[in-house]
Undergrad: 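Would you mind keeping the following structure in view while I ask a few things?
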Protein chains: 2
Amino acid sequence: MTPAATAAGTRDLPHPAREEIRLEGVLHALSDPVRLRIVRDLAVDSDELFSCSYFDLPVTKSTTTHHFRVLRESGVIRQTYRGTAKMNGLRRGDLDALFPGLLDALLAAAARQVSRLGTG
Amino acid sequence: MTPAATAAGTRDLPHPAREEIRLEGVLHALSDPVRLRIVRDLAVDSDELFSCSYFDLPVTKSTTTHHFRVLRESGVIRQTYRGTAKMNGLRRGDLDALFPGLLDALLAAAARQVSRLGTG
DNA sequence: CGGCTCGTACGATAACTCTCGTAGTACGGA
DNA sequence: TCCGTACTACGAGAGTTATCGTACGAGCCG
């Protein structure tokens with residue numbers, strides 16, 4: 001056990017501060033179909049937290065870990081440990097403050113594309 | 001000279017049809033700083049066409065060609081030959097029809113980030 | 001024709017990404 | 001204490017990307 005993680009539940013994960021979030025990074029994070037779908041699912045209830053295993057993704061667990069990390073490091077989601085689970089939530093407040101209307105436009109565009117092409 | 005390019009000015013370039021444009025592709029195209037800047041410059045006047053050399057980009061000519069092709073193949077811009085120059089224009093009509101409000105939100109977000117961080 | 005400008009094509013390289021499997025750690029409960 | 005669940009870390013492979021340099025083609029103008 002690492003010294004920094006001694007106190008129970010203190011395993012913190014590195015997140016960019018609000019001011020460090022870059023538009024290019026957000027767009028890159030959302031340009032992958034798996035990650036776009038994760039964000040769409042998270043956005044159904046922005047105040048709720050979902051564990052990684054809540055999502056039914058067409059990739060293995062280690063790939064899932066990778067995608068969640070990309071989302072976290074780009075500032076799109078916030079991840080916190082809760083016992084053995086890792087809970088995920090959209091950083092809607094930060095994103096809306098930085099880029100008003102962007103997240104809504106992106107989610108609307110994604111929904112529109114799904115209804116146009118089927119559940120792709 | 002290829003047979004298809006015999007008639008002067010007829011060198012056509014492959015563009016995706018409106019229905020073929022994918023949100024993920026658009027986001028990926030815009031997740032590169034060089035390309036985001038091109039689109040921002042094009043959006044100043046969406047009805048105008050600009051030659052590739054109009055832009056002052058921090059990369060070589062061949063890299064510039066690469067970035068314009070990515071933008072064209074993702075459906076963000078339309079390219080047409082005019083004499084020795086290749087003119088570029090935003091496909092605002094197609095994008096607005098597919099994803100209403102998205103392009104405006106993206107441009108506003110980019111402008112906001114520039115004014116926050118300086119001309120990066 | 002000869003040269004100039006604009007842009008392309010091709011090849012190369014280094015870096016990054018997506019994916020996986022295996023092995024391992026952290027936590028909660030029996 | 002031992003086991004199961006949830007997730008991570010590491011390493012590897014295949015594919016994509018961003019960048020460049022050089023060489024070339026297409027059109028314009030003297």
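Chain A is the first sequence line, chain B the second, and so forth, proteins listed ahead of strands; every chain is numbered from 1.
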Undergrad: Side-chain N or O of A/T65 less than 4.0 angstrom from OP1 or OP2 on D/dC7?
TA: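 So the side chain of A/T65 is outside the cut-off, no N or O lying under 4.0 Å from OP1 or OP2 of D/dC7.
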Undergrad: For C/dC20, does OP1 or OP2 lie under 4.0 Å from any side-chain N or O of A/T60?
TA: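 Yes, because at least one side-chain N or O of A/T60 sits under 4.0 Å from OP1 or OP2 of C/dC20.
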Undergrad: Would you mind reading off the distance between B/F68 atom CZ and D/dT19 atom P, rounded to a whole angstrom?
TA: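 Between P of D/dT19 and CZ of B/F68: 13 Å.
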Undergrad: Between B/M87 (CE) and D/dA26 (P), how many Å, whole number?
TA: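 Result: 20 Å.
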Undergrad: Rounded to the Å, how far apart are B/L71 CG and D/dT17 C1'?
TA: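 These atoms are roughly 14 Å apart.
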Undergrad: Nearest whole Å is fine: how far is D/dT17 C1' from A/L27 CG?
TA: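 Nearest whole value for this atom pair: 17 Å.
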Undergrad: Side chains of B/S74 and B/R35: does their closest heavy-atom pair fall under 4.5 Å?
TA: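 No, their side chains stay 4.5 Å or more apart.
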Undergrad: Does any non-hydrogen side-chain atom of B/D32 lie less than 4.5 Å from one of A/L27?
TA: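 In short, these two side chains do not touch, never coming nearer than 4.5 Å.
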Undergrad: Do B/C52 and B/K61 make a side-chain contact, defined as non-hydrogen atoms from C-beta onward lying under 4.5 Å apart?
TA: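 B/C52 does not reach B/K61 side chain to side chain.
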Undergrad: Does C/dC20 have OP1 or OP2 under 4.0 Å away from a side-chain N or O of A/T63?
TA: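 Checking A/T63 against C/dC20: at least one side-chain N or O falls below 4.0 Å of OP1 or OP2.
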Undergrad: Per the salt bridge (charged side-chain N to carboxylate O under 4.0 Å, His left out) rule, which among B/D47, B/D104, B/D45 passes with B/R92?
TA: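 Between B/R92 and the candidates, salt bridge (charged side-chain N to carboxylate O under 4.0 Å, His left out) is satisfied uniquely by B/D104.
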Undergrad: Quickly work out the B/H66 NE2 to D/dC20 P distance and round it to whole Å.
TA: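 Interatomic distance, NE2 of B/H66 to P of D/dC20: 11 Å.
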Undergrad: Can you tell me how far C1' of C/dC4 sits from NZ of B/K61, to the nearest Å?
TA: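 It works out to 11 Å between those atoms.
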Undergrad: Inspect the surroundings of CZ in A/R82 and state if more than 12 heavy atoms from other residues, nucleotides or ligands are less than 6.0 Å away.
TA: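 Counting other residues, nucleotides and ligands, CZ of A/R82 stays at 12 neighbours or fewer.
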Undergrad: Using a 3.5 Å distance criterion without hydrogens, assess whether the side chain of B/N88 forms a donor-acceptor pair with backbone atoms of B/Q79.
TA: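 No.
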Undergrad: Using the side-chain heavy atoms of A/H28, tell me which of these nucleotides is nearest: D/dT22, C/dT17, C/dG7.
TA: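 Comparing D/dT22, C/dT17, C/dG7 against the side chain of A/H28, the answer is C/dT17.
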Undergrad: Rounded to the nearest Å, what distance is computed from the CZ atom of residue B/R69 to the P atom of nucleotide D/dT16?
TA: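 Taking atom P of D/dT16 as the reference, CZ of B/R69 is at 14 Å.
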Undergrad: For a quick check, tell me whether the side chain of B/T84 and the base of C/dG7 share a donor-acceptor pair closer than 3.5 Å.
TA: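 Answer is no: no donor-acceptor pair is held.
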Undergrad: Atom CD of B/E24 to atom P of D/dT17: distance rounded to whole Å?
TA: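 Result: 14 Å.
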Undergrad: Taking the side chain from B/R116 and the backbone from A/E19, do they hold a donor-acceptor pair closer than 3.5 Å?
TA: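 Pair found, side chain donor or acceptor close to backbone of A/E19.
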Undergrad: At under 4.0 Å between heavy atoms, what does A/R35 touch on the DNA or RNA strands: base, sugar-phosphate, or nothing?
TA: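 Sugar-phosphate: the residue A/R35, judged by heavy atoms under 4.0 Å, touches backbone atoms but no base.
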Undergrad: How do A/S62 and A/R82 order along DNA chain C: which one's closest nucleotide is nearer the 5' end?
TA: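 The residue closer to the strand's 5' end, by nearest nucleotide, is A/S62.
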Undergrad: Hey, can you pull the residues of residues 41-57 of chain B with a non-hydrogen atom under 4.0 angstrom from DNA chain D?
TA: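 Contacts with DNA chain D under 4.0 Å: none.
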Undergrad: Look at the side-chain N and O atoms of B/H67 and state whether any lies under 4.0 Å from the OP1 or OP2 oxygen of D/dT17.
TA: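 Indeed not, no polar side-chain atom of B/H67 lies that close.
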Undergrad: Nearest of C/dC18, D/dC7, C/dC20 to any side-chain atom of A/D32?
TA: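 Nearest listed nucleotide: C/dC18.
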